[in-house]
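Labels below follow one simple rule: chain letters A, B, ... track the order of the sequence lines, proteins then strands, and each chain is numbered from 1. All figures in this text were calculated on a predicted structure; none of them were measured in a lab.
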Number of protein chains: 2
Amino acid sequence: MKISEISQRYGLTPDTLRYYEKIGLIAPVPRNASGIRNYSEDEIKRIEFIKCMRRAGIPLQTLIEYIELAKKGDDTISLRREILLQQREQLVVKMRDLQETLNFLEYKIKIYDKAVLNAKKDLRSENA
Amino acid sequence: MKISEISQRYGLTPDTLRYYEKIGLIAPVPRNASGIRNYSEDEIKRIEFIKCMRRAGIPLQTLIEYIELAKKGDDTISLRREILLQQREQLVVKMRDLQETLNFLEYKIKIYDKAVLNAKKDLRSENA
DNA sequence: ATACAGGCTGGAGTGGGCTCCAGGTCAAGC
DNA sequence: GCTTGACCTGGAGCCCACTCCAGCCTGTAT
C-alpha cells in the first residue's frame, strides 16, 4: 500500500508517516524500484498500534523505547511488560482526572441551565 | 497570598501563574505597595478552575474565550453554556478513546504475562 | 513530447504551553 | 550599611509533535 492510502485509512498525513519513520517509530518501509514506499502488513500493524497509543496521549518517546526493546528480541520481554504496566497506570490516573473534570463540568452546566431558565422567565415577565 | 504559596498549593510554578495572567486567563492580580502580587479568593477560585480544566487537557485558548465571555456579564450566559457543553462532549469522546487504549493495553499485558511465564518455565527445564 | 499527479528528501517553521534568564527592586535580618 | 532571598519585568528559549516547503524524480494520460 502506498503512503496516501495508509494516510487516508488512518488519518495520519504522509508527512507524519514519514516523520514516524525518520524518528525510528516505524522501521524503514520497503520501497519499489523507483523509491516509493510500499507499506506491508508489518508496518500497518505497527501504525495501528501507534495510532491507538497516541490517541491516549502516550508520548512518542515512550513508544520509541518500547519499539527499540521489541527489536532487541525476547530478552526484553519483561522490560516491555513494565512499560505497558506503567502506561496502564498512567491511563488510569488520566481517566480519573477526566472523570473529575467531567463531574465539575456537569455541575457547572446545571448551574447554567438554571441561569438560562431564569433569564427566560425574566424576559417573560418583562413582556407581561 | 503570595505567588509562592499559590504555586505550592496548586503545583503551578510562579512563572506559569504570571504567564496565565499575561495571556489574560487570570485578571491582573492586586499588588501591595511594592508591586508584589497578593492573590485573593477570586483569583484562587479562578486558578482552581483553570487547574481542573487543564488537567483534562482543555486548551488555554478555550479557557480564555470562556473567561472573556464571563467578563462581559450575563448576556453571555448561553454562549458560555455552549462552550461547557462542547467541552463535555469532547471529554466524553476522550474518555472513550482512553478506555479503548486501556483495553488494548490490558490485552497486550496478558500476552506478556504468558510470555514471561513461559520464559520461566523454559528456564526451569533448562536447569533440570 | 509534455503536462501532471504523486512520491521523495533534508531542513526549516509552527503552535501550544510553558520555562528560563538577566537585570532590577525591596524588606528583613545580621 | 550590606547581604540575602523573594519578588518583579520583558523577552528569549525550549520541548513536543507535527507541518510545510523547495527542489527533484518518475509513471501515466493526452
Side-chain angles (χ1 to χ4, degrees), chain A residues 1-40 43-44 46-68 87 90 94 97 101, chain B residues 1-40 43-44 46-47 49-68 83 87 90 94 97 101:
Chain A
M1 285 190 107
K2 284 195 195 168
I3 201 165
S4 59
E5 296 173 288
I6 302 288
S7 165
Q8 278 211 305
R9 193 149 139 190
Y10 296 102
L12 297 166
T13 69
D15 270 329
T16 300
L17 289 165
R18 285 188 288 255
Y19 170 68
Y20 283 174
E21 195 177 333
K22 183 149 63 179
I23 63 173
L25 204 48
I26 300 168
V29 177
R31 313 296 185 96
N32 72 10
S34 44
I36 289 176
R37 285 171 180 80
N38 182 20
Y39 290 80
S40 71
E43 283 82 38
I44 291 175
R46 173 68 55 85
I47 289 164
E48 271 170 357
F49 172 72
I50 295 168
K51 240 254 140 165
C52 181
M53 297 299 122
R54 288 296 301 139
R55 274 210 309 179
I58 294 173
L60 293 181
Q61 198 46 55
T62 306
L63 300 178
I64 290 173
E65 279 158 29
Y66 178 84
I67 281 164
E68 285 297 316
Q87 291 311 313
Q90 291 189 14
K94 216 183 257 184
D97 285 351
T101 304
Chain B
M1 288 190 105
K2 283 194 194 170
I3 201 164
S4 59
E5 297 173 286
I6 301 288
S7 164
Q8 279 212 303
R9 194 149 139 189
Y10 296 103
L12 296 167
T13 69
D15 269 329
T16 300
L17 288 165
R18 286 189 286 256
Y19 171 69
Y20 283 175
E21 196 177 334
K22 184 149 60 177
I23 63 173
L25 205 45
I26 300 168
V29 177
R31 314 295 185 97
N32 71 12
S34 45
I36 288 177
R37 285 172 181 79
N38 181 21
Y39 289 82
S40 70
E43 282 83 38
I44 291 175
R46 173 68 55 84
I47 289 163
F49 172 72
I50 294 168
K51 240 251 141 167
C52 180
M53 297 300 121
R54 288 297 302 140
R55 274 210 309 178
I58 293 174
L60 294 181
Q61 199 45 54
T62 305
L63 300 177
I64 291 173
E65 279 159 28
Y66 178 85
I67 282 164
E68 286 296 318
I83 292 182
Q87 292 309 313
Q90 290 188 15
K94 216 185 254 183
D97 285 350
T101 304

D97(B): partners by side chain to side chain donor-acceptor pair (under 3.5 Å), with sequence neighbours left out: R55(A)
Any residue meeting ring-ring contact (aromatic ring centres under 6.0 Å, His included) with Y20(B), in chain and number order, not counting sequence neighbours: none
Outermost DNA chain D nucleotides near chain A [under 4.0 Å, heavy atoms]: dA17(D) to dG27(D)
Set of residues satisfying salt bridge (Lys or Arg N to Asp or Glu O under 4.0 Å) with respect to R46(A), sequence neighbours excluded: none
Positions of residues 30-40 of chain A (non-hydrogen atom under 4.0 Å from DNA chain C), listed by number: R31(A), G35(A), I36(A), R37(A)
DNA chain D-proximal residues of residues 3-17 of chain B, any heavy atom under 4.0 Å: I3(B), S4(B)
Test ring-ring contact (aromatic ring centres under 6.0 Å, His included) applied to Y10(B) - qualifying residues, sequence neighbours left out: none
First-last contacting nucleotides on DNA chain C - partner chain B, under 4.0 angstrom, heavy atom: dG17(C) to dA27(C)
Y66(B): ring-ring contact (aromatic ring centres under 6.0 Å, His included) partners, not counting sequence neighbours: F49(B)
Salt bridge (Lys or Arg N to Asp or Glu O under 4.0 Å) partners for R54(B), two or more places apart: none
Non-neighbouring partners of P14(A) that pass side-chain contact (heavy atoms from CB on, under 4.5 Å), sequence neighbours left out: I3(A), S7(A), R18(A)
Partner residues of E65(B) under the side chain to side chain donor-acceptor pair (under 3.5 Å) criterion, sequence neighbours left out: none
